[in-house]
Amino acid sequence: MSLDADERAALEEERDFLLASLDDLERERAAGDVDDHDYRTLKADYTARAAAVLRSLDRTVDAGAATPAPRSGRVRASSRGRRIATIAGIALVAVLAGVLVAQSSGRRGSGSLTGLDVTAASSRISDCQELEQAGDADGALGCYDDVLDAVPANVEALTFRGWLQVRQFDAEDGLADLDAAIQLAPEATAPYIFRASGRARSGDAPGAVADLAAFYANDPADDEAELAAQFSETIVSAALDACIDGDVEGTLPVADVLQCYTDVLEVDEGNAPASIYLGWLIARSGVDDDMALQRLDDGLAADPSISAGYVFRAALRAHLGDIEGARADLETFAGTDAPPAQQAAAEQVRAAIDAGEDPLPARPGQ
């Protein structure tokens, strides 16, 4: 099963709404604003609907992962904690310019807004790029300004002016240009790559990985994907840092954490930490235990060294009644060099199993 961009966006919007509704329902119950009967009815409805949506999205990811000949250059990153690296802008411009010229000229036709037709605009943009490559950033910026004064909706000029500003002038202005380019041409590829870099530079790693996910969803050419892979790993790693920290510390909304893990897996289909922490998030929510277990299984199969995954899976297995499997996971965990916090969590799971209790943290409504 495959979904087009609009269908996937609609499912993701419904998923976010349902997860947020579950959170709101818990707050309303705690405040005494909903009685037990309505609470149970609403929770069952929201949970069932969220499970159906997550399964639909999950099946499309699995179908994409099973497709032969994956996109070349897609990142394979599983380590965490790397810092965002500086990206070579001129190389990106040189590779992607031709693609964007074709996209913008094909879409705009030959009409003129203020006397400068699209062909002339494209030629003028080449002059701007030559100034940029010669090191005349001020001249290049003025050149792009002239093009946009004449053709304000020129996607190519917005993209390259935005990228230039992100690198050498005002990053906020540059991101605004890239936002505008994406609004005008959501099917393009270059604006997402440049905005990903700009967001990464400004510390918004989850936003950067979301742009990478959109870039890959737009089916980039092989040379674009290979170029993107040169810096995707650093963005994926930084996004995982932010998402896992926000998840563990409770500083990010559940819907944002879920979207972040999903975006990482769109960029790196086999990313073990994202699969493991997504599985644990689903397990804690109580939306779909089978999906949660599959994500944990996949993550640990991809990288058996992620010690936290064994604690998470042990808790879920015990909750599902697989005590033998839970104890096996704890035994494997005992052979790892895990940090003290994970060791304490493993002991809590073990103690709950020994006492015949459910070690899974209380879910919404429990």
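Positions are given from 1, in the same order as the sequence printed here. Heavy-atom basis, side chains included; hydrogens, waters and symmetry copies ignored.
Looking only at side-chain heavy atoms (C-beta outward), Glu347 and Arg350 come within less than 4.5 Å of each other. Val257 places none of its side-chain heavy atoms less than 4.5 Å from the side chain of Ile244. Side-chain contact between Thr159 and Val155 is present, with at least one heavy-atom pair separated by less than 4.5 Å. Residues Leu316 and Asp289 meet the side-chain proximity criterion, which asks for heavy atoms closer than 4.5 Å. Contact check for Asn154 versus Ile125: side-chain heavy atoms found under the 4.5 Å cut-off. Side-chain contact between Asp268 and Ser232 is absent, with no heavy-atom pair separated by less than 4.5 Å.
Nearest heavy-atom pair, Leu158 versus Pro152, reported as atom, atom and distance to 0.1 Å: CD1-O, 3.9 Å. Among all heavy-atom pairs drawn from Ala157 and Tyr144, the shortest one is O-CD2, 4.4 Å. When all heavy atoms of Ala239 and Ala205 are compared, the closest pair comes out as N-CB, 3.5 Å. Smallest separation of non-hydrogen atoms from Asp136 and Gly139: OD1-N, 2.9 Å. Val264 approaches Ala274 most closely through the heavy-atom pair CG1-CB, 3.7 Å. Asp127 approaches Cys143 most closely through the heavy-atom pair C-SG, 4.3 Å.
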For Arg295 and Leu265, run side chain to side chain contact (heavy atoms under 4.5 Å, CB included): C-alpha distance rounded to whole Å, both residues' side-chain angles, the deciding distance at 0.1 Å, then the answer.
CA-CA 11 Å; Arg295 284 296 182 190; Leu265 288 168; 4.0 Å; yes
Begin with the C-alpha distance, continue with both residues' side-chain angles, and end with the deciding distance and a verdict on side chain to side chain contact (heavy atoms under 4.5 Å, CB included) for Ile276 and Leu300.
CA-CA 7 Å; Ile276 286 171; Leu300 286 169; 4.0 Å; yes
For Val166 and Phe194, run side chain to side chain contact (heavy atoms under 4.5 Å, CB included): C-alpha distance rounded to whole Å, both residues' side-chain angles, the deciding distance at 0.1 Å, then the answer.
CA-CA 9 Å; Val166 163; Phe194 295 151; over 6 Å; no
Test log, rule side chain to side chain contact (heavy atoms under 4.5 Å, CB included), inputs Val254 and Leu281
CA-CA 8 Å; Val254 170; Leu281 178 63; 4.2 Å; yes
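Screening residues 334-360 for ring-ring contact (aromatic ring centres under 6.0 Å, His included), with sequence neighbours left out, gives no hits. Applying the disulfide bond (SG atoms under 2.5 Å apart) rule to pairs touching residues 311-361 yields nothing, sequence neighbours excluded. Sorted by first then second residue, the disulfide bond (SG atoms under 2.5 Å apart) pairs that include residues 144-258, not counting sequence neighbours, are Cys243-Cys260. Sorted by first and then second residue, the salt bridge (Lys or Arg N to Asp or Glu O under 4.0 Å) pairs with a member in residues 207-218 read Arg195-Asp211, Arg199-Asp211; sequence neighbours excluded. Sorted by first and then second residue, the pairs that involve residues 326-346 and meet side chain to side chain donor-acceptor pair (under 3.5 Å), not counting sequence neighbours, are Ser307-Gln342, Arg313-Asp329, Arg317-Asp329, Arg327-Asp354.
The CZ atom of Phe312 sits 11.0 Å away from atom CG of Leu360, with the distance rounded to the nearest 0.5 Å. The CG atom of Asp303 lies 13.0 Å from the CG atom of Asp298; values are rounded to the nearest 0.5 Å. Atoms CG and CG, on Asp245 and Leu240 in that order, are 10.0 Å from each other to the nearest 0.5 Å. The structure places CD of Glu132 at 4.5 Å from CG of Leu164, a figure rounded to the nearest 0.5 Å. Residue Glu156 holds its CD atom at 13.5 Å from CG of Leu184, rounded to the nearest 0.5 Å.
The closest donor-acceptor contact from the side chain of Ser275 to the backbone of Asn271 lies at 3.5 Å or more, if one exists at all. A donor-acceptor pair under 3.5 Å links the side-chain atoms of Asn218 to the main chain of Ala188, judged by distance alone.
Partners of Ala255 according to the side-chain contact (heavy atoms from CB on, under 4.5 Å) rule, which considers only residues two or more places apart in sequence or in another chain, are Asp16. Legend: residues meeting side-chain contact (heavy atoms from CB on, under 4.5 Å) with Ala318, ordered by chain and number and at least two apart, are Ile323, Ala326, Ile353, Pro359. Under the rule for a salt bridge (Lys or Arg N to Asp or Glu O under 4.0 Å), the partners of Asp247 that lie at least two apart in sequence or sit in another chain are Arg284. Residues forming a ring-ring contact (aromatic ring centres under 6.0 Å, His included) with Tyr192 (at least two apart in sequence, or on another chain): none. For Glu172, there are no salt bridge (Lys or Arg N to Asp or Glu O under 4.0 Å) partners at least two apart in sequence or on another chain. Residues passing the side-chain contact (heavy atoms from CB on, under 4.5 Å) test with Ala328, sequence neighbours excluded: none. Contacts of Asp145 classified as side-chain contact (heavy atoms from CB on, under 4.5 Å), with partners at least two apart in sequence or in another chain: Leu141, Arg161.
Ring orientation note: the planes of Tyr277 and Tyr261 are tilted relative to one another, at an angle of 30° to 60°.
Side-chain contact, Asp179 with Gln183: no donor N or O sits under 3.5 Å from an acceptor N or O. Looking only at atom types and distance, the side chain of Gln294 has no donor-acceptor partner in the side chain of Asp290 under 3.5 Å away.
Side-chain heavy atoms closer than 4.5 Å link hydrophobic residues (I, L, V, M, F, W, Y) into clusters, and following such links, even through other members, never connects Phe169 to Leu131.
Within 6.0 Å of the CD atom in Glu324, the count of heavy atoms belonging to other residues, nucleotides or ligands does not exceed 12.
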